[in-house]
Amino acid sequence: MSVLVVGSIAIDSVKTPMEERHDLLGGSASYAALGASFFSPVRLVGIVGSDFPQAEFEFWKSRKIDAEGVQRANGKTFRWSGEYAWDLNTRETRSIALNVFEHFRPQLPQTYRQTDFVLLANIAPALQAHVLDQMERPRFIVADTMDLWIETARADLDALLQRIDLLILNDSEAREITRETSLIKAGRRIRKMGPNYVAIKKGEHGALLFGEGDQFFSCGAYPLEDIRDPTGAGDTFAGGMAGYLAGTVKNVQFNDLRKAMIYGSVLASFCVEAFSLERLRNLSMQEITERYETFKKMSQFEAPI
Ligand code: AMP
C-alpha cells in the first residue's frame with residue numbers, strides 16, 4: 001500500500017563543527033519520502049521553485065516516489081541553513097528563506113485522495129490539516145511537528161492532534177507541549193490530547209512509544225561512532241515508520257508500531273552517516289535488514305547471543 005507524504009522540499013546549507021556544505025537537497029518531505037520508499041510506494045506532496053534540479057524528479061521516479069503532487073512554481077525553492085554545536089544535537093537555524101513555500105497550499109491530485117496511510121511531515125499544522133481535508137478516510141495518519149509550531153501555531157496544532165493516530169516529536173518538544181519534565185508523563189499526556197499513539201525521539205538515546213493503557217516501548221539508538229550530519233534524522237525516522245506500516249501492516253497494532261520504530265531508528269542511523277540524503281540514496285535493503293538484526297541482538301538481555 002502507498003503512503004502519502006507531505007512536507008517541505010528545501011535546499012539546505014549545513015555547518016557542523018567539522019565541515020560546511022551548501023546547496024544540498026533537504027526538507028522534511030525529501031527525507032521522509034526517501035525513508036518510506038524502502039518499504040512502500042510514496043505519493044509526494046510539496047512545492048519547489050524553478051531553480052530546483054530536474055535530476056531529483058528523475059531520482060524520485062527511479063524510487064517509486066510519485067511526484068505528481070509536487071507543484072513547480074516560479075521563484076526560488078525554500079532555503080534553510082543550520083549550524084550544529086559540538087554535541088551534534090544542539091542546532092541553531094542561521095537563516096530561512098520561505099520563497100515559493102510562502103504561498104504553498106497543498107493540492108492533492110485526484111489519484112492521491114484515497115491513500116490509506118498518510119505522513120504529515122513537518123510543515124505548519126494548518127497545511128497538514130488542509131491535506132487531511134482533501135482525503136477520503138485514510139486508515140492511519142502519522143504527523144511530525146517542531147518547536148516553531150508549538151510556539152506560534154498552538155491552536156492549529158491542538159486541532160490537528162484530534163485528527164491523527166500517531167504523533168512523532170522529540171523530547172524537548174514533548175516537554176514544551178505538555179509543560180512536564182518527565183517524558184513518561186509527557187507521552188501519556190499527549191495521548192490525552194488526541195493521538196492514540198505517541199513516539200518521543202531522544203536523539204542518540206533512542207525513542208519511547210506510548211499506546212493505550214500500559215502499552216509502552218523503549219528502544220535505544222544504533223551505536224554509531226561517526227555522525228557527519230544529523231539533519232533530517234527525525235524526518236527519516238518518521239518516513240521509515242510510516243513506510244513500514246503502509247508496506248506491511250493492514251490493521252496497525254501496538255506490536256507493529258514497535259517494529260516500525262526500530263525500522264525508523266535504523267534508517268535515521270544511516271541518514272546521519274553522510275550529508276543531506278547521500279547515504280540514503282545508495283542504501284540497500286540488505287544493509288537495512290542487517291542493522292535491524294543488530295538492533296534485535298542489542299536489545300535481548302536473557303536469550304544467548
Ligand atoms: P530535522 O533535522 O529532522 O529537524 O529536519 C531538517 C529539515 O527540515 C531540513 O532539511 C530543513 O530544510 C527542514 N526545515 C527547517 N525548518 C523548517 C520549517 N520551518 N518547515 C519545514 N521544514 C523545515
Side-chain angles (χ1 to χ4, degrees), residues 5-16 21-36 44-49 52 56 76-85 87-104 106 119-128 130-131 142-153 156-157 160 168-174 176 199-204 207 221 227-242 264-265 267-280:
V5 175
V6 60
S8 61
I9 301 172
I11 312 264
D12 289 348
S13 287
V14 175
K15 188 170 189 290
T16 71
R21 300 269 297 267
H22 298 280
D23 297 335
L24 304 163
L25 177 64
S28 56
S30 307
Y31 285 103
L34 190 51
L44 181 60
V45 180
I47 189 166
V48 298
F52 191 75
E56 292 305 334
K76 285 189 173 166
T77 302
F78 172 52
R79 280 183 180 260
W80 173 83
S81 162
E83 179 171 354
Y84 291 89
D87 63 0
L88 286 180
N89 191 26
T90 324
R91 179 173 78 191
E92 208 175 277
T93 294
R94 294 162 107 192
S95 66
I96 275 198
L98 289 177
N99 299 329
V100 295
F101 209 55
E102 191 171 355
H103 302 293
F104 178 45
L119 170 56
L120 306 169
N122 176 32
I123 42 168
L127 296 183
Q128 293 175 316
H130 184 63
V131 167
V142 183
D144 191 2
T145 195
M146 73 187 289
D147 51 358
L148 177 69
W149 312 124
I150 298 171
E151 287 149 24
T152 65
D156 290 342
L157 183 57
L160 184 84
I168 301 177
L169 72 181
N170 69 30
D171 43 8
S172 62
E173 292 157 357
E176 189 175 355
I200 300 182
K201 298 165 289 173
K202 301 186 292 172
E204 61 187 321
I227 296 179
R228 278 293 281 296
D229 172 18
T231 311
D235 311 309
T236 308
F237 175 93
M241 270 194 95
S265 306
L267 282 178
S269 74
F270 282 114
C271 171
V272 303
E273 285 183 358
F275 273 82
S276 181
L277 294 109
E278 284 166 17
R279 182 66 179 94
L280 297 178

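Order of listing sets the numbers, starting from 1, for every ligand and every atom in it. Any value given below was found using the heavy atoms of this structure, including those in side chains, with hydrogens, waters and symmetry copies removed. Numbers here are sequence positions counted from 1.
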Is it the case that atom CD in E176 sees more than 12 heavy atoms from other parts of the structure closer than 6.0 Å? yes
min-distance protein heavy atom vs atom 9 (C) of ligand 1 -> D12 OD2, 3.3 Å
- Item | S8 N/O under 3.5 Å from ligand 1 N/O | yes
Does NZ in K202 sit with more than 12 non-hydrogen atoms of other residues, nucleotides or ligands closer than 6.0 Å? yes
Beyond-backbone contact of T236 with L277, side-chain heavy atoms, under 4.5 angstrom: no
Would you check if L25 and F52 make a side-chain contact, meaning some heavy-atom pair closer than 4.5 Å? yes
Taking only non-hydrogen atoms of N122 and a 4.0 Å limit, the atoms of ligand 1 in range are 21 (C), 22 (N)
Atom 3 (O) of ligand 1: of T236, D235, D144, the nearest heavy atom sits on D235
Exercise for review: State whether a side-chain donor-acceptor pair under 3.5 Å links T231 with Y31.
Suggested key: no
If we number the atoms of ligand 1 from 1 as shown, the ones under 4.0 Å from a heavy atom of G26 are 10 (O)
Per-atom filter on ligand 1: closer than 4.0 angstrom to a heavy atom of Y31 are 10 (O)
Q) Any N/O of R91 closer than 3.5 Å to an N/O of ligand 1? A) yes
protein heavy-atom neighbour closest to atom 15 (C) of ligand 1 works out as W80 CD1, 3.4 Å
Task: Carboxylate-amine/guanidinium contact E92 K15, below 4.0 Å - done: no
min-distance protein heavy atom vs atom 18 (C) of ligand 1 -> M146 SD, 3.9 Å
Under 4.0 Å from one or more heavy atoms of L148, ligand 1 contributes atoms 19 (N)
Considering only distance and modelled atom types, tabulate donor-acceptor pairs under 3.5 Å from the side chains of residues 267-275, sequence neighbours left out.
residue : atom : partner : partner atom : Å
S269    : OG   : V266    : O            : 2.6
S269    : OG   : R291    : NH1          : 2.8
E273    : OE1  : R279    : NE           : 2.9
E273    : OE2  : R291    : NH1          : 3.2
E273    : OE2  : R291    : NH2          : 2.7

List the atom pairs, donor and acceptor, that lie under 3.5 Å between side-chain atoms in residues 5-13 and the rest of the protein, sequence neighbours left out.
residue : atom : partner : partner atom : Å
S8      : OG   : S28     : N            : 2.9
S8      : OG   : S28     : OG           : 3.2
S13     : OG   : H22     : ND1          : 3.1

For A10, the atoms of ligand 1 under 4.0 Å from one of its heavy atoms are 12 (O)
Partner of F78 under side chain to side chain contact (heavy atoms under 4.5 Å, CB included), picked from L98, N99, I47, is L98
Inset, instruction - Check the pair D229 / L88 against side chain to side chain contact (heavy atoms under 4.5 Å, CB included), numbers first and verdict last. - result: CA-CA 8 Å; D229 172 18; L88 286 180; over 6 Å; no
- Item | Non-hydrogen atom of F237 closer than 4.0 Å to ligand 1 | no
task: Give yes if a backbone or side-chain nitrogen or oxygen of I96 is under 3.5 Å from a nitrogen or oxygen of ligand 1, and no if not.
output: no
Taking only non-hydrogen atoms of T231 and a 4.0 Å limit, the atoms of ligand 1 in range are 2 (O), 6 (C), 9 (C), 10 (O)
The closest protein heavy-atom partner of atom 17 (C) of ligand 1 is F78 CZ, 3.9 Å
Per-atom filter on ligand 1: closer than 4.0 angstrom to a heavy atom of G234 are 3 (O)
